[in-house]
Amino acid sequence: MISIKNLKVNLGDFFLQNINLDIEPGEYFIVLGPTGAGKTVLLEAIAGLYPVLEGEVWIGDREITDLSPEKREIGIVYQDQALFPHLSVEKNIAFGLKMRKCPKNEAKAKIDAIVEVVGISHLLKRSPATLSGGEKQKVALARALVTEPKVLLLDEPLSALDPETRERMQRELREIHSRVELSVIHVTHDFEEAIALGHRVAVLNDGCIAQIGTPEEFLRRPSSEFVARFALTRNILSGRVTGIENGCTLIDIGGTKLRATTEANGEVRLSLRPEDIFISKEPLQSTARNCFLGVVSDIADRGSVIYVTVNLPPDFVCIITRQAFDELQLGKGAEVWITFKASAIHVF
Amino acid sequence: MISIKNLKVNLGDFFLQNINLDIEPGEYFIVLGPTGAGKTVLLEAIAGLYPVLEGEVWIGDREITDLSPEKREIGIVYQDQALFPHLSVEKNIAFGLKMRKCPKNEAKAKIDAIVEVVGISHLLKRSPATLSGGEKQKVALARALVTEPKVLLLDEPLSALDPETRERMQRELREIHSRVELSVIHVTHDFEEAIALGHRVAVLNDGCIAQIGTPEEFLRRPSSEFVARFALTRNILSGRVTGIENGCTLIDIGGTKLRATTEANGEVRLSLRPEDIFISKEPLQSTARNCFLGVVSDIADRGSVIYVTVNLPPDFVCIITRQAFDELQLGKGAEVWITFKASAIHVF
Amino acid sequence: MTKMSGWKKPDSMSIVFILLGAIMLLFIFAPPLKTVFSSSPGTLWNTLLEEDVYSSVLLTIFAALTATLIGLFLGVPLAYVLARHQFRGKRFVEAIIDVPIVIPHSAAGVALLFVFGSNFLFGKILNGIGIGFFRSFTGVVIAMMFVSVPFLIDAAKEGFKAVDVRLEKVARTLGASAWKSFFRISLPLAWRSIFSGSVLMWARGLSEFGAIIIIAYSASFLGWSPKVLPVLVANRFDFGLDYAGPVAAIAILISIITFIVLRSIAYRGEKA
Amino acid sequence: MTKMSGWKKPDSMSIVFILLGAIMLLFIFAPPLKTVFSSSPGTLWNTLLEEDVYSSVLLTIFAALTATLIGLFLGVPLAYVLARHQFRGKRFVEAIIDVPIVIPHSAAGVALLFVFGSNFLFGKILNGIGIGFFRSFTGVVIAMMFVSVPFLIDAAKEGFKAVDVRLEKVARTLGASAWKSFFRISLPLAWRSIFSGSVLMWARGLSEFGAIIIIAYSASFLGWSPKVLPVLVANRFDFGLDYAGPVAAIAILISIITFIVLRSIAYRGEKA
């Protein structure tokens, strides 16, 4: 649907370059990157709102690189919604139709339809200043969707919302997207949001795309330490391959020997996700190849789940549900066994 | 250590009132509330930076309600750190000692000590503008701690940080607090932060304190629906008590009969935490009194954990780890059993 | 047990600052107030009925208004460009805009003669199309515009800066051309600043003396040949303070009242 | 395959706006530039060596400087109070501060005479302590201060507003009194605005003509009896444009150069 080829833009301090993206019709595509990575600028370049130094933007088989923004049929929703403060909700939504000289009856029908989909029929007469964050977000969404853009760009649409609203809006975004089939590019710095929403995800680092893939690929096979950290893989370790035993590669990490399924050699960096580690009071009888005794060195309570750090050494961060935590009766200094599969270890 | 008695302040649109808090020496106390609840104003009133309409503030057995802020020995750290931009990190930290006319040698020793504790010795010569968010936060902390305040006020100290830094800083805050024993009042809108850090938590709603208690109490026994929502208790349901059976109260929620341990009668609102629900493919043989067959209606992937919504009806949101999710091979529309104890149901 | 916190007891700094500030306010407000109350209402009314006074009032108000309208047409686009674009030398351009505020007013009059005088480029053009400059209404308008337009440009610039540029960007993606986005989004949202800048420009034009006395001691206007108010005041002062007082009072009243009324319209409904 | 996006092609609005803006800039900058280049450097130098010119330059610069210093002492506290406190009637106070900008300059001179003239309250006090007002250095200073102090107050107010009030609050909790927090935190952080406001005030004082000609056509100063520059220009204009030109050029050069130099010092190191 939308293709970005070799895009390069100037961000002042650095360049965003070699950006190549092909987004399918109806795909929900996430661009993930830390603050200051140029995510907003990327969207604005796609929408024709920021100058492009090199590269092309195509929608289907039509190049739009040189088109002015009002002719691109690309909608945008900003983080703080950017509703026109001097217009009512209804006039905000009608703005795009008016600009495109949509006949009155038709405009009314379109507004009614989109307002229904987004669920804001009761807000039409209100002024934007009186809306809550979630309501504003929906109005901004309706305003962008009512003009039936080919592509919708979302610039951190949920990060200004409080946690509860954010979760609800994530769910509603998924639902709205499933009802109005269009390509979405959603930029965010929140990994969980990316995982929750994206069909595919691209991670930006230092002005380039570090990895493109499905959420599952990011969790299981981060291409670099940067991506692994960003994916909140809490265990990133250094080790040295010392040999092979029973088909498993042995990796020495400061005395402890891990068994992994890798063909790497010499010094390696590896990652292990906290949910792949099983904690128990007794050594576990299972097919998992790694099982070690350690001491609980830190407990970070997150409500529903709890992060338990177990020191062998080194430290391993594990996640367990509150229920499991209560059953195990863990405390700082307790001795526990941690168990994980050889395949859970990912070597960069 | 610090007592707030019947505090009332004017927030323009509404009042913050009937605020009574007793914070123990060395306690890490959290004030939790949504944006706009007056959390910052509460801290500023305690520090003498905002006018108090009624009430008293005591430190130990000394009333400080009428003292000017520079005489209160209360430190404050704001969300965006408020470092003096025209002073180096070292001079920022030295500011308080200079104001208090601390002799040079002594000041140097104190700065060296606190800088060691907080872990920013390498930043002393830098300008605040060149620091990262986490570094700024530590400098602000050191600046407040070096004057050895009796009480430290933290105003959303972590919410401007990215998720990875925030987790690290939570851990470091816990460690720093364990090293410098002083009373801390930390305000935040993030429930997980409250759970992770607080010895005790107070929840603000509509200008009053809705509940004070330990994190465990908030999770298990929220005093109201507001608190329950805030604690991200995802299942909040309406029902009607229909009778008693085998010592359990039966609650009808739209056809499904829950067994709970409550003495309530008639129409009730109840909450059930997602981590208290166990999902399985087969009915579970256990002592849990509630076991129902439902259909998976939504899956929200959070990376390490996954929220699965099971519809009986009504919807029940459950949390499981990624590992369990993969093992169960769940998909939308799958039939699953949910199981939870009678004691997991909390009736308001 | 109701009591106010110690915070509310003003500290020594607040007391000193409020005192010094009050002296400053007194210094600013006492002279015009004293002038206004030195003449009885009857005297003021009779003075206003003199032909050279009311013709002067009309000339002054109307010329300042004309200057402001031209200033809006030429100044608002400049303000928008400065608010929205970054370019080399922008600082210099912004400094140039404030130049009329800082050059001596009589020198400004001389400078305008150097450009608009009948022997010079623009003057020749004006003459060619039958518009006089020296001792003319046009001259008064140009002098007023020169000394007062910086106020409008600066205010409009700040107004446009305060409009989130992303509102314009969203408007563009919704199908608005640059023009439509300017007239439907930027201008309505910045109007408050532009209006209050216009009020300041208008009032500042009203107050000009030095540049005008060089260019147009009096100007032909609606069949009269009035002086602008500031010139009239100075002119009457040659005959003594008692004679100049009432006219000065009228001039002060007109400018202050219109200024405060229009300004409060601009800020109506907005929080302090 | 390097190419610029369509975005970079200026749209019709940008072209029209830049064109109108350029006309505005030309209108503002052409007159002073033309004036300066109408006299040869030699003529300017010789003019500057005339006693009544250089004594006038000294008087003008020094009087404006004195006015600015007094303005700093009285105006900065007021600006701070306005930036930090909310109170009923604040809008009105802020309007009052701009009053000197909008009242006709000659009327301002008359108004100052009504208060500081030897028959009136402040005048009597000044007289009592041996300070003259009419035709005196003091009179020049007061006139300059009256018309120019709003610029300093407004700039300082904006400067203080831009200083995060929480920096002051943190300073207080760290043991600083209100005074110390003002002098160590607020003032250093707002100095840029205060300095550039002072430059504007000084330059605006330099440019005043109407109020000064009413109060002090000439003033005794260092044994001379010079007129301020704007008065000198107008005075020479009575003998024709050719005679006034060089003095006007000198007045313009002094004000523009100092203004632009000092302003660029104020903004040095800061981004546009």
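Residue numbering restarts at 1 for every chain, and letters A, B, ... go by the order of the sequence lines. The figures that follow rest on heavy atoms only: side chains count, while hydrogens, waters and symmetry mates do not.
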Next on the checklist: If you take the centroid of each ring, where Trp contributes its six-membered ring, are A:Phe29 and A:His186 closer together than 6.0 Å?
Outcome noted: no
Checklist entry - Quick one: what part of A:Ile74 sits under 4.5 Å from any heavy atom of chain C, side chain, backbone, both or neither? => result backbone
Checklist entry - Would you call A:Asp80 and C:Arg166 a salt bridge, taking side-chain N to carboxylate O under 4.0 Å as the test? => result yes
Item to check | CZ on C:Phe146 to CD1 on C:Ile101, rounded to 0.5 Å | outcome: 10.5 Å
Checklist entry - Non-hydrogen atoms of chain C under 4.5 Å away: do they reach the side chain of A:Glu44, the backbone, both or neither? => result side chain
Item to check | Region of A:Ala140 in contact with chain C, defined by heavy-atom distances below 4.5 Å | outcome: neither
Next on the checklist: Which atoms of A:Lys71 are under 4.5 Å from chain C, going by heavy atoms: the side chain, the backbone, both sets, or neither?
Outcome noted: neither
Item to check | Donor + acceptor pair across side chains of A:Thr65, A:Glu63 (<3.5 Å) | outcome: yes
Item to check | Residue part contacting chain A, namely of C:Leu189, when any heavy atom lies under 4.5 Å | outcome: side chain
Item to check | Part of residues 173-183 of chain C lying next to chain A, heavy-atom separation under 4.5 Å | outcome: C:Thr173, C:Leu174, C:Gly175, C:Ala176, C:Ser177, C:Ala178, C:Lys180
Item to check | Steps toward side chain to side chain contact (heavy atoms under 4.5 Å, CB included) verdict (C:Ile185, A:Phe95) | outcome: CA-CA 11 Å; C:Ile185 305 298; A:Phe95 187 88; 3.7 Å; yes
Checklist entry - With a 4.5 angstrom heavy-atom cut-off, which part of A:Leu97 approaches chain C: side chain, backbone, both or neither? => result neither
Item to check | Distance under 6.0 Å and angle within 45° of ring axis: A:Arg200 vs A:Tyr28 | outcome: no
Checklist entry - Charged N to carboxylate O under 4.0 angstrom, C:Arg172 versus C:Glu168? => result no
Checklist outcome for this item: dist C:Glu94:CD -> C:Ile153:CD1 (nearest 0.5 Å) comes out at 11.0 Å
Item to check | Heavy atoms from other residues, nucleotides or ligands near CG of A:Asp112 exceed 12 (cutoff 6.0 Å) | outcome: yes
